[in-house]
Amino acid sequence: MNDLLPKQSATWQYLERAIADVLARYSYREIRFPILEQTELFKRAVGEVTDIVEKEMYSFDDRNGDSLSLRPEGTAGCVRACTENGLLHNQTQRLWYTGPMFRHERPQKGRLRQFHQIGVEAFGIDGPDIDAELLLITARLWKTLKIDHAVTLQINSLGTSEDRATYRAALVDYLRARHDQLDADSQRRLESNPMRILDSKNPETQALLNDAPSLKDFINGESRDHFEQLCAVLDAANIAYEINPRLVRGLDYYSKTVFEWVTTNLGAQGTVCAGGRYDGLVEQLGGKPCPGVGFAMGIERLVLLLDELGVVPDSVGQTVDLYLVAVGNVEQQALVLADNLRSDCANIRLECHCGGGSFKSQIKKADKSGASIALILGEDEAAAGTIGVKYLREDTPQETLAQADLAKLLLAQN
Ligand code: ATP
Ligand code: MG
């Protein structure tokens, strides 16, 4: 569980704002819900035999003896909140949320125990148009962030749960006959969650799967049409994608469309965004049947990618435009002058020196702050109602102005 230090938080804010802006342009609204839920909710939503529920949740009994868990993902809580508040009855919802998620995994690059996601969910629309819209949103976001050249889209269709049950049986038959050639992990999954074997990282297992029955031969006509229409929109919108028949995703609730945006720039943890359709989930959690589709982006991984590609604008790290140097017995005037400037010039970011010290040490701090201008207030300036203006990043000579003219100068420069 990482601390996020001020040096990194600017990039996080830049990313979060960019995402919020794009989502607002598509008319998605923010929803907030607790980071703790009944453990039962996640068991029912994510699935009893998934890695998350079997071994990754932070669960505990509260003082009433109820089992609660820190949320390992957002969709379950989002569905619970929407159902409880009547947001899904005879209406559509386009929603997003952000915040920490918790999974007791092995920590490594791009994999933490407290990590952060921005999740997007759309409810009440069962056609492929909304699946496509979600992919348009993500594609636009990658362009906005200038990382579109570094991510690729993989999509697949999982069909309905009936399709998957038939397929699962065929897959298990095939793999059972080759039980000895599977690694221990896949042997275990063969009993608990055989479809997860499809995304095994073991090359021998992958080779074995080449001749295995393929899910796409098992999905019904409606799912197939849905998938083809989705592909048609992506083609028309010029969004490149790869159909990956082995993409199955780790959570049980998906049906029909599933997708991942992956990058090769981050090593093994290359999925920066993942999601899919989950038409049965709302009902499974006790609501009236309501189709849903959504995705989640991993903020840490996106930040790593932004840094790796060097695409965060320089201005993002810069937090202050002006630094007010206050030398001598002028603290009071300095604070009031600074505050008046903030009133007059709404857009400036101004740090007012506090705590005294020599001119030299304050100028050093001004330089280190990244400000482009140091405003200098000494006892002489304070008495005369003037202020020194020293340009820290350009070759313009220092000047002295009446304090009353300062706002005008700053506004003209902005
Ligand atoms: P992975 O296969 O990479 O573990 P996942 O299928 O478990 O991903 P999801 O549950 O779909 O992931 O979560 C969506 C996104 O959240 C992932 O694509 C990833 O960017 C991010 N994510 C998931 N788990 C972690 C983690 N432990 N640390 C950091 N980011 C994570
Ligand atoms: Mg995972």
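Here the structure is a predicted model, which is why all the values come from computation and not from measurement. Along the sequence shown, the residues carry numbers beginning at 1. Note that ligands are numbered from 1 as they come in the structure, with each ligand's atoms numbered from 1 the same way.
- Between Arg301 and ligand 1, at least one pair of N/O atoms sits closer than 3.5 Å.
- Between His353 and Tyr323, the ring-plane angle classifies as tilted under the 30° and 60° cut-offs.
- Under 3.5 Å, the side chains of Glu133 and Tyr28 contain a donor-acceptor pair of N or O atoms.
- Nearest non-hydrogen protein atom to atom 27 (N) of ligand 1 is Glu105 OE2, 2.6 Å.
- Close approach to Thr271 involves these atoms of ligand 1, each under 4.0 Å from a residue heavy atom: 17 (C), 18 (O), 19 (C), 20 (O).
- Atoms of ligand 1 lying under 4.0 Å from any heavy atom of Val272, numbered from 1 in the order shown and given with element: 20 (O).
- Contact between Arg111 and ligand 1 is present, with at least one heavy atom of the residue lying under 4.0 Å from the ligand.
- Using a 4.0 Å threshold on non-hydrogen atoms, atom 22 (N) of ligand 1 counts as touching the protein.
- Near Arg249, meaning under 4.0 Å from one of its heavy atoms, ligand 1 places the atoms 6 (O), 9 (P), 11 (O).
- In this structure, Gln117 counts as a contact residue of ligand 1, since one of its heavy atoms falls inside 4.0 Å of the ligand.
- For the 3.5 Å distance criterion, the side chains of Glu351 and Ser369 fail to qualify, holding no donor opposite an acceptor.
- Between the side chain of Arg178 and the main chain of Tyr174, a donor-acceptor pair closer than 3.5 Å is present.
- Contact record, Phe123 with Gly292: CD2-CA, 4.2 Å, taken as the closest heavy-atom pair.
- By the 3.5 Å distance cut-off applied to N or O atoms, Ala296 is not counted among the residues near ligand 1.
- Applying the ring-ring contact (aromatic ring centres under 6.0 Å, His included) test to Phe227 and every residue at least two apart in sequence or in another chain returns nothing.
- Comparing heavy-atom distances from atom 29 (C) of ligand 1 across Gly110, Gly298, Pro72 singles out Gly110 as nearest.
- Of all protein heavy atoms, the one lying nearest to atom 10 (O) of ligand 1 is Arg103 NH2, 2.6 Å.
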